[in-house]
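To start, the structure under review is shown below, and the notes come after it.
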Amino acid sequence: MTMTDGLPNTPSPALAADELPTTYRAADVESALYARWQAAGTDVASAARVDRMGGARQPYTIVMPPPNVTAILHVGHGLNNTVQDVLIRWRRMAGDEVLWLPGTDHAGIATQNVVEKQLAAEGSSRQALGREAFVARTAQFVETTGGEILNQLKSIGASADWTRTAYTLTEPMSAAVTEAFVRLFEDGLVYRGHRVIHWCPRCMTSLSDEEAEFNDTQGAMYHIRYHVAGDPSRSIVVATTRPETLLGDVAVAVNPTDERYTDLLGRELVLPLNGVHIPVIADDYTDAAFGTGAVKITPAHDPNDFEVGMRHRLATPVIMDAEARMNGVGEAIDRVPPELRGVDRFEARERIVNMLRDVGALVKIEPHAHSVRHCYRCDTVVEPRLSDQWFVKMAPLAKPALEAVRTGRIRIMPERWEAVYINWLEGIRDWNISRQLWWGHRVPVYYCDSCGTTPKASRTPITTCTECGAPARQDEDVLDTWFSSWLWPISTMGWPNENADDLKAFYPGDVLVTAPEILFFWVSRMIMSGYQFMGDAPYHTVYLHGTVRDMQHRKMSKSLGNGIDPLDVVKLYGADALRWTMVAGMGLGVDVLLDPTDLDKSFAPGRNFLTKLWNIGRFLLTKVGTDAVQPLSAIAPDALTIADRWILDRLDGAIADANAALGPVRPGPTGRWTDAERTMGMRLDAYADAGRHFVWNELADWYLETVKPRLAAGGADADVARAVLVHCFDNALRLLQPVIPFITHTLWAKLPALADGSARGGEFLCTAAWPDARSTADSGDAFELVRNATLAIRQIRNEYKVKPGRFIEATLVPATSDAASAPLLIETIGALTRANLSLHTAGDVPSAHQVLPGGTEVVIALAQLRDELSAEDTAKEAARLTAEIEATQKLLDGVRAKLSNESFTSRAKPEVVDGARAQERDLAQKVDALTRKVEAL
RNA sequence: GGGCGAAUAGCUCAGCUGGUUAGAGCACCUGUCUUACACACAGGGGGUCGGGGGUUCGAAUCCCUCUUCGCCCACCA
């Protein structure tokens, strides 16, 4: 017992009562502790410490998906950022140089909409204000109220590097956006296109394909008759879902093989209502089997019709204005009857249908379910509209992004999204990047109206035409918000300055954490921009988490009123409870279900676990006291009891489970994930559970209970127990820190000092070391006897309704395999079960038996239990036992049949066969013991 | 229309390359204020792993098929 020399043999003084209040109050701890982390700079990254820069650490980088600058925190942000914070905190402890780079997005349409609404409330508008003033006003709005969401993230514990906070509409970001645009322009990857795009008449801007979302809608199919010019006896019936567009029709197309219409090809039809003559044309686009087999062609208001129109060199009259009111552009005004001019498209639809009915052109109206595109920002039905826009040619950019996933440079989790990603990229279409908005990065293209020279893209503003010296004019449009977002992983690190320290140290990064909704909007485009501008992918893992939903599985939203405010949860139960509940309840890619009407119930897992952890800590720290403890390394192996070995073994198991659930951290030296690695790790729920299970179901439920007498006895063995206790709890807190950083730190800071004077890991748990498993290989198997015997005795006590407080006599009959350890353990088992446990061979008095795995028997004489039982109970018990014998016998027969099967014993893995043999033995013993038991009754 | 996925306990989900009596959390039932914790402790009930075929000594796990849900994409007016 030399290892405890010099330590007092009296119990260590207890903690002062006020140091650990009986209940954990998160509010007393969290904001103060967060401020200390900030002051100490625990989450500030240093490029110089990174191995790529000659430092000693591997970088671990996550760029935060930038929330909209005007957004307020909702539970989806909470989930997203908690996941990132868990990964970040884990790697920080594991010794990586960690960079979690936060920021916000200027969110073009969204922010402009908010300010426009304000202006409307003031009786003003952006047009009234003018561009410059509007932008200034919006900038000021962002300045004063924006970015609040980042502060809110702090209150849930997000340990981002706030010294690097970025915003997409700052000078450096603008420089990156301009540089990217100009490079693509110069490479011919940005071009001006004249085509039908998605137009939001409320936001008054074009949208990309991704921004125009499909909604299934119950609409109608209108069948309309167009008469042949000069021959009222002949006609063609067309079918359309948008009758109002007929004013812009320039042809009717039929399939060339459709014999119904062959004789009408080349003839002219008269458009009802405006009398315009249009030809009947043949085009493969028309499906003879659909509708009437005749399609009205409106090139300016339908992308397909536009294509048809191009093939047949047809005119493109625009019959709606930017606000989607019936109105002709230029000569097309003549196509719109005066009484319809200026009428909203939906109103116009009704009126046109009535007018068609009046002139006898309306054949029928059928219900028709179809998908209609809506603006992703304001949900207005999008209008296809012919206009000039800037596009990015995507096919060349998509190529390396596809290769990256195919070759394992990037993995997407859950894996099924890889197929979706590949599917989308293979059919990728060009990206409309110009928006008719004012809030955003202005398109860096300059025109000369005077000499009309080719428009130039420029990194610096052009004020005068380089050709003729006349004043140059910048393009009015701004770029799609996502055109700055797609540069986020590089622009935040200093690109286009390729020598920027951060870019060199932290790019490429590691993981991107987001929801699947923006896989195309953002994730894949970042990958493309990474390859295009830096020659490498921005991360090796895309982690797509689920969505937070209510109990009806509806997405939480403001309009449904079913949201949960994370800050409410923080106030009620603390950030740790919020974090724990979300992480522990979140399978890979699985939605998190929470009940907004019952926060108490929804966050019970977090709250319950925190309370339990607090009580474990309170009890443990009180029992251990304040005297310094030996580090585990100073304890001689033979001083460890069976229980000590067991709990240390379980700790190793928990560490291994946590590491397996989280890792692998990054791909190996090849830089590519192997097929096996692709699906490994990132199981945050499994990791959290490994920690919870250890600290609750092993440390608290078993070890803490068994160690009480040893601590009370004092002396050298008490010091061993103290050392083991503190070691286990210390490591458990380390394991749990990434999920619940506040409470773990609070408890950890109260652990007694180490007797050798060594530091435990600095001032903060969040920068202490991630646990390592012990190198020794001794197992804690012997302790299983305690657990099995205890469970058996408890079961018998319950079965026979023995009052919890009553002591009983019990006998342990050890099998040879347990003969050595049993004598050391009976006291422990007795203490756990309120039994006076003796150790000898089985008598033949009527008894309750339990056969433990391994063959040791627990025997409790029935005589002492008899008075608790009625005759009825006894009969019932006998019947129950008989049934159990039968069931066990059946199992046994099954196992024996299997073992006598030659194919099984020869082909199955040896350990499986051994398992079956052990099972046969245990079952046989059980049948035997149960039979004796029923006889004794 | 194309692509993908899922159906396992009342609910939400684990169950890896087929092998002891299919697990967890919550919910449920019984008992307990056992001097850290009733936000706890102890014990318990509950699943023919969606249906049907097949491969195998052996299938929740692999194959086929049917049914039902879900997701992504898409120019059928």
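The shown structure was predicted, so the numbers you read here are calculated from the model rather than taken from an experiment. In what follows, chains carry the letters A, B, and so on, assigned in the order in which the sequence lines appear, proteins first and then strands, with residues in each chain numbered from 1.
You'll find that the side chain of A:Glu705 is closest to B:A36, out of B:A36, B:A77, B:U34. Among the nucleotides B:A36, B:C72, B:A77, the one closest to the side chain of A:His368 is B:A77. Side-chain proximity of A:Leu704 to the nucleotides B:A36, B:C72, B:A42 is greatest for B:A36. For A:Ile616, whose side chain is taken as the heavy atoms from C-beta onward, the closest listed nucleotide among B:G43, B:A36, B:U21 is B:A36. Side-chain proximity of A:Leu791 to the nucleotides B:G19, B:A14, B:G43 is greatest for B:G43. Checking B:C37, B:G19, B:U21 against the side-chain heavy atoms of A:Val912 singles out B:G19 as nearest. Residue A:Ala419 has its side chain nearest to B:C4 when only B:A36, B:C4, B:G43 are considered. Distances from the side chain of A:Gln919 to the nucleotides B:C57, B:U21, B:C39 place B:U21 closest. Each of B:A77, B:G43, B:U34 was ranked by its minimum atom distance to the side chain of A:Arg794; first place goes to B:G43. Comparing B:A74, B:G3, B:C26 by their nearest atom to the side chain of A:Asn423 picks out B:G3.
Annotation: of the two residues near RNA chain B, A:Ala916 and A:Asp591, the 5′-most nearest-nucleotide partner is A:Asp591.
Distance noted for atom P between B:G25 and B:G19: 23 Å (whole Å). Annotation: B:U65 and B:A6 have their P atoms spaced 16 Å apart (nearest Å). A gap of 16 Å separates the C1' atoms of B:A59 and B:C16, to the nearest Å. B:C64 and B:U17 are spaced 16 Å apart, taking the P atom of each and rounding to whole Å. Distance check on atom P: B:U61 versus B:U55 gives 15 Å, rounded to whole Å. When the C1' atom is used for both B:U34 and B:C49, the distance is 40 Å, rounded to whole Å. Rounded to whole Å, the separation between the C1' atoms of B:C13 and B:G70 comes to 16 Å. Taking atom C1' on both nucleotides, B:C33 is separated from B:C41 by 11 Å, rounded to a whole Å.
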Using side chain to side chain donor-acceptor pair (under 3.5 Å), reason through A:Tyr226 and A:Asp249 one step at a time and then give a plain yes or no.
CA-CA 11 Å; A:Tyr226 292 4; A:Asp249 286 1; 2.6 Å; yes

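B:C37 atom C1' lies 13 Å from atom NZ of A:Lys623, rounded to whole Å. Rounded to whole Å, the distance from CD on A:Glu920 to P on B:U20 is 16 Å. B:G2 atom C1' lies 14 Å from atom CZ of A:Arg429, rounded to whole Å. The distance between atom CD1 of A:Ile412 and atom C1' of B:G5, rounded to the nearest whole Å, is 15 Å. Taking atom OH of A:Tyr285 as the reference point, atom C1' of B:G1 lies 14 Å away to the nearest angstrom. Whole-Å rounding puts the A:Lys296 NZ to B:C76 P distance at 16 Å. Here the P atom of nucleotide B:U17 and the CG atom of A:Asp675 are 14 Å apart, to the nearest Å. Rounded to whole Å, atom C1' of B:G19 lies 15 Å from atom CG of A:Leu891.
Pair assignment for B:A14: none, as no Watson-Crick or G-U wobble contacts are both less than 3.5 Å. A 3.5 Å limit on both hydrogen-bonding distances identifies B:G54 as the Watson-Crick or G-U partner of B:C62. The partner of B:A9 is absent, by the rule that a Watson-Crick or G-U pair needs both atom distances under 3.5 Å. In this structure B:C28 sits in a base pair with B:G44, meeting the Watson-Crick or G-U test at under 3.5 Å. Using Watson-Crick or G-U wobble geometry with both donor-acceptor distances under 3.5 Å, B:G1 finds its partner in B:C73.
Judged by distance alone, with hydrogens and angles left aside, A:Lys612 brings no side-chain donor or acceptor close enough to the base of B:C39 to form a pair under 3.5 Å.
Within 4.0 Å of A:Gly606, counting heavy atoms only, lies no atom of the nucleic acid at all. Residue A:Asp287 is in base contact, counting any heavy-atom pair closer than 4.0 Å across all strands shown. Nucleic acid contact class of A:Trp614 (heavy atoms, under 4.0 Å, all strands): none. Within 4.0 Å of A:Ala604, counting heavy atoms only, lies no atom of the nucleic acid at all. At a threshold of 4.0 angstrom between heavy atoms, the contacts of A:Phe609 with the nucleic acid are absent. If you check every strand for non-hydrogen atoms under 4.0 Å, A:Val590 touches sugar and phosphate atoms only. Backbone-only engagement by A:Arg416 is indicated by non-hydrogen atom pairs under 4.0 Å involving sugar-phosphate atoms exclusively. Contacts of A:Thr905 with the nucleic acid, taken as non-hydrogen atoms under 4.0 Å apart, are absent. The residue A:Arg921 sits apart from the nucleic acid: no heavy atom pair falls under 4.0 Å.
Between A:Asn608 and B:A40 there is a side-chain N or O to OP1 or OP2 distance below 4.0 Å. Contact annotation: A:His370 side-chain N/O to B:C75 OP1/OP2 distance is not under 4.0 Å. Within the 4.0 Å cut-off from OP1 or OP2 of B:C57, at least one side-chain nitrogen or oxygen of A:Arg907 is found. Taking side-chain N and O atoms only, A:Lys909 has no distance below 4.0 Å to OP1 or OP2 of B:G18. Phosphate proximity of B:U12 to A:His553: present, with a side-chain N or O under 4.0 Å from OP1 or OP2. Close to B:G44, at under 4.0 Å from its OP1 or OP2, lies a side-chain N or O of A:Gln795. At the phosphate of B:C41, OP1 or OP2 sits under 4.0 Å from a side-chain N or O atom of A:Trp696.
For A:Arg794 and A:Trp702, the positive end sits near the middle of the six-membered ring, less than 6.0 Å away and at most 45° from its axis. Remark: A:Arg411 qualifies as a cation-pi partner of A:Trp673 under the 6.0 Å distance and 45° angle criteria applied to the six-membered ring.
Using a 3.5 Å distance cut-off with no hydrogens or angles, the side chains of A:Thr706 and A:Lys708 do not pair a donor with an acceptor.
Ring pair A:Trp424/A:Phe520 is parallel by interplanar angle, where below 30° counts as parallel and above 60° as perpendicular.
With respect to the salt-bridge test (charged N to carboxylate O, under 4.0 angstrom), the residues A:Glu920 and A:Arg917 do not qualify. A salt bridge links A:Glu366 with A:Lys364: the closest approach of a Lys/Arg side-chain nitrogen to an acidic carboxylate oxygen falls below 4.0 angstrom. For the pair A:Lys601 and A:Asp595, the salt-bridge criterion is not met [side-chain N within less than 4.0 Å of a carboxylate O]. One finds no salt bridge joining A:Asp550 and A:Lys555 here, because no Lys/Arg side-chain nitrogen approaches an Asp/Glu carboxylate oxygen to under 4.0 Å. The pair A:Asp689-A:Arg692 counts as a salt bridge, with a side-chain nitrogen and a carboxylate oxygen less than 4.0 angstrom apart.
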